[in-house]
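Below: one structure, written as C-alpha cells.
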There are 2 protein chains.
Amino acid sequence: MAGLAGVSQATVSLVLSARGDGRAAAISEETRRRVLDAARSLGYVPDPAARRLAAASNNLLGVFSFTATFPTDVQHSYYPFLVGVEQEAAARGYDLVLFTGSSPGGAGAAGPDALSRVRLADGCLFLGRHVPRAELKRLVADGFPVVHLGRREELEGLAWVGADYVNASREVVDHLAELGHRRIVLVREDDDAPASTDRQRGFLDGLAAAGIAGGPGAVLRCADPARELTARRVGALAADGVTAFVAEETDTGAAWRALNAAVREAGLSCPGDVSLGLLGSPPADLAARPVPMGFDIPRHRLGAAAVRLLAALVAGEEAHEPLVACEFRAGETAGPPAPPR
Amino acid sequence: MAGLAGVSQATVSLVLSARGDGRAAAISEETRRRVLDAARSLGYVPDPAARRLAAASNNLLGVFSFTATFPTDVQHSYYPFLVGVEQEAAARGYDLVLFTGSSPGGAGAAGPDALSRVRLADGCLFLGRHVPRAELKRLVADGFPVVHLGRREELEGLAWVGADYVNASREVVDHLAELGHRRIVLVREDDDAPASTDRQRGFLDGLAAAGIAGGPGAVLRCADPARELTARRVGALAADGVTAFVAEETDTGAAWRALNAAVREAGLSCPGDVSLGLLGSPPADLAARPVPMGFDIPRHRLGAAAVRLLAALVAGEEAHEPLVACEFRAGETAGPPAPPR
DNA sequence: CCGGTTGGTTAATGCGCATTAGTAATGCGC
DNA sequence: GCGCATTACTAATGCGCATTAACCAACCGG
C-alpha cells in the first residue's frame, strides 16, 4: 500500500477521497503532495470493490442491457443511446461498467443472480424490454439506484426516462393544421403499447387544439396495415376530403410502408394531393428521399438524461422530469392542402 | 443475513458459492435445502462487492479508448471492434469497464493518472493511436495485463493484436495472377505507417510468388493521388500492358477514389479492360456496387482475439499469435485480363 | 504555567463475504 | 470402550478501504 511510501494509511484515504467541494479536510498541503506523488509512482489505485464495501461509492455507473449492447445488427441497437450515455457519464466523471447481461453465450446471464452483479456499481441503467420484473423490483426495493431507459410505469418506484411522444405527435398535427389541413387521419397498428397510445393521444390533442372534430373516423386502427390500407380506401378518403395522413412509427414500419404504398397506387402525389406525416423516424431502408415530415427521437439526449437522472439518484436527490422532448422534422412530405374540388 | 433464518454464516457462503464441479463440499442435503429456502424467502443475494473483495479478482476487463468510445461520427468508430469484444468477454464471463478516457469533457481525462484508473480491472484493452507511451510502459512494466488493439511493436513487451495485411494483400495479388494478369501496379499513398508498408510487402511477395518481376514501376507512390493519378497516366499504363491495379485502403480512401476516377475518365471498363483490387474495405460512400475485389478486416474477430489474449494474460498464460487473418472478398472488379492488342 | 483550542495524523473498527483452521458428532475397527 | 477417520458445521481471520474516535503538537489567552 502507498502508506509505506508516505506515512500512514487512513491519510491516504483522506487524500484520495477528498471531496472537491466544502471543507477541504484536515490535510496539510505537503502531506497531500507526498501521498499523491507516492500513489502515482506506485501506480496505486483504490480498489473499487473495497470502496464500495466500505459504504462509499466507486464512481462507476452500470449499464445493463438485455440484448447484446453491441449487436451485430446495428439497426436496432442501443448504440445511439449509448453515445449520449457515454458523453454524459464522462462529463460527470463516472466510468461505465457494461454488464453483459444476456449476450449470446453471456456468462452471468442465466441465474437469478444475473442482476445482482449490478450492485457493484453505484447505480445502474437498464436497457431493453425483457428485464425480469422480480429482480428489478428487488433492486428498487433495496434502494439501489436504478433507471430504466424507456417508459416503465407499471413498476412502482422505478425511475425511467422516455421520449415525449404525446407532445411530439401533437406538434405534427399542429404543423398540418397550420398548413391549412382540416381533415387528418391517423394510421396506427393494433397494439396497445404505451408508445402507440401516447401517439394517438397527442394526435387527438392536436386535433382538439386545432378545433377539428376527432370523430371515430380520424383514427384508422389496422391489425395488418399492408392488407387493410388499400389504395381504394385511401383514394376514397381523399375524395371525401381528407388531405393529410399521419402514420405511427413501429419496429417494422408497417403502417408507414402501407400508407406510402397506398398513396402511390392511388395515383396521389405526395406533397401535392395529400400530406403525409410519420410519428417517428423512418425505417432505415426508407431513410432516403423523400424525408417524411414528423419527429426524431433524440436518442443521445435520452441517454444523457438517463445518466443525469441516475447520477441524481446516486447522490440521493429526487428524480426530475422523465420526459425528453422529440425534435420536429419538417421533411418534404407536407404542404398546403389541395384546394377542394 | 440469511444466517438467522438458517443456522450459521460460513455455511451460507459454502452453499451459495458451491462449485458445481469437483468435490461437492461437505454440506448435508438438508442443510443446503434449508439455506437455499431461507435465501429465497428473504430475497437474499450475496453482495458482489464483498465477494470480489474477498476473492481478489473482479472479473472486469477494462476498455480504454483514446477517442470517445461511442463517437457521434459512427463511421470512424471502434464500434465494430467492440461488437467482438463484448461477445467474447461475455462468453468468458467478464464484464467490461469502459474508461471514458478522453471523451469530450472527460473526467479523469487530463491528469497523468488517467491511465491508472485502469488498474481497477483485471486487465485492460487499449484502442486508438494516441496512447501515452510513458504511462502504458509503466503498466506493462508493472506486469499489469495490457493488450493493444492494432499493431504496436515499438513498445517492448506490449501485447497487441492486429490484422494480417501482408498475407491478405498477397492473396489479392495471387487472385489476380491466377486470373492471368502479369502486369499489376500498386497505388499507395506517401505514408510510412505499418499498415501501408505491410500491404506493400504483401503485394511484392505476391508478385514474387507469381514469378512476376517487381521492378520500381510496380508501385506508384503518390503524395496526392487525386492530382497525380490522372486518366492519362492510367491510360498510358494500360496501353503499356498493365492489366490490373491495386490500391491501398486508407482513412480517406484517396488512392481508391483516384484510381476509380482515373479509370473511368480514361474510358476503361472495369472488369473488362482492367481489373481493380482494393487492399481493405471501401469507404462508406463507395460501399454500393460495384463491390471491389479485395479483403475485409475482420474487426469483430479482432476484438474477440484481443479479449482472448487479454484473458490469457490475466490468467498468467503466455501470449499467442497476434495476427488475425483478413477475409478475402471476390467482389466484382476483377476478371481475366483483356487480350493484348 | 495551565486548561482550552485547533490542525494534523493515526489506531481502530466494520463493511459482507470466502476461506481455513478448528470443533462436535458419528461411525468403524479392534 | 478407546483411538482414529469421516462428516457436518462453525469461529475466526482478512480482503482494502472509509470512517471516526482518539491522540499529539503547537499555540493562545489568561
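Please read all numbers here as calculations on a predicted model, not as lab measurements. In what follows, chains are A, B, ... by sequence order, proteins preceding strands, each numbered from 1.
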Q) For C:dG29, what is the paired nucleotide under Watson-Crick or G-U wobble rules, both distances under 3.5 Å? A) D:dC2
In this structure, how many angstroms lie between the [atom2] atom of [N] and the [atom1] atom of [X], rounded?
| X | N | atom1 | atom2 | value |
| --- | --- | --- | --- | --- |
| B:R52 | C:dA18 | CZ | P | 11 Å |
| A:L14 | C:dG7 | CG | P | 15 Å |
| A:R119 | C:dC17 | CZ | P | 10 Å |
| B:Q9 | C:dT20 | CD | C1' | 13 Å |
| B:R32 | D:dC9 | CZ | P | 10 Å |
| A:L120 | D:dC15 | CG | P | 20 Å |
| A:D142 | C:dC15 | CG | C1' | 16 Å |
| B:L53 | C:dG14 | CG | C1' | 12 Å |

Q.
Whether A:E29 and A:R33 form a salt bridge (side-chain N of Lys/Arg under 4.0 Å from carboxylate O of Asp/Glu) is what I want to check.
A. no
Q) Would you call B:E154 and B:R152 a salt bridge, taking side-chain N to carboxylate O under 4.0 Å as the test? A) yes
Q) Can you find a side chain N or O atom of A:R51 that sits less than 4.0 Å from OP1 or OP2 on D:dA18? A) yes
Q) Is the phosphate of D:dT10, meaning OP1 or OP2, less than 4.0 Å from a side-chain N or O of B:T11? A) yes
Q | 5'-most by nearest nucleotide on DNA chain C - A:E29 or A:A10 | A | A:E29
Of the listed nucleotides [options], the one nearest the side chain of [X]:
| X | options | result |
| --- | --- | --- |
| B:D47 | C:dT9, C:dT10, C:dG16 | C:dG16 |
| B:T31 | D:dT20, D:dC17, D:dA8 | D:dA8 |
| B:A54 | D:dG16, C:dT19, C:dG16 | C:dG16 |

Q: Tell me which of A:L16 and B:E30 sits closer to the 5' end of DNA chain D, going by the nucleotide each one is nearest to.
A: B:E30
(Q) Using a heavy-atom cut-off of 4.0 Å across all strands, would you classify B:S28 as base, sugar-phosphate, or nothing? (A) sugar-phosphate
**Q.** A:N59 side-chain N/O to A:G93 backbone N/O, donor-acceptor pair under 3.5 Å
**A.** yes
Q. Can you tell me if A:R52 uses its side chain to pair, donor with acceptor, with the backbone of A:A121 under 3.5 Å?
A. yes
**Q.** Identified side-chain contact (heavy atoms from CB on, under 4.5 Å) partner of A:F126 from the options A:V147, A:L158, A:L139
**A.** A:L139
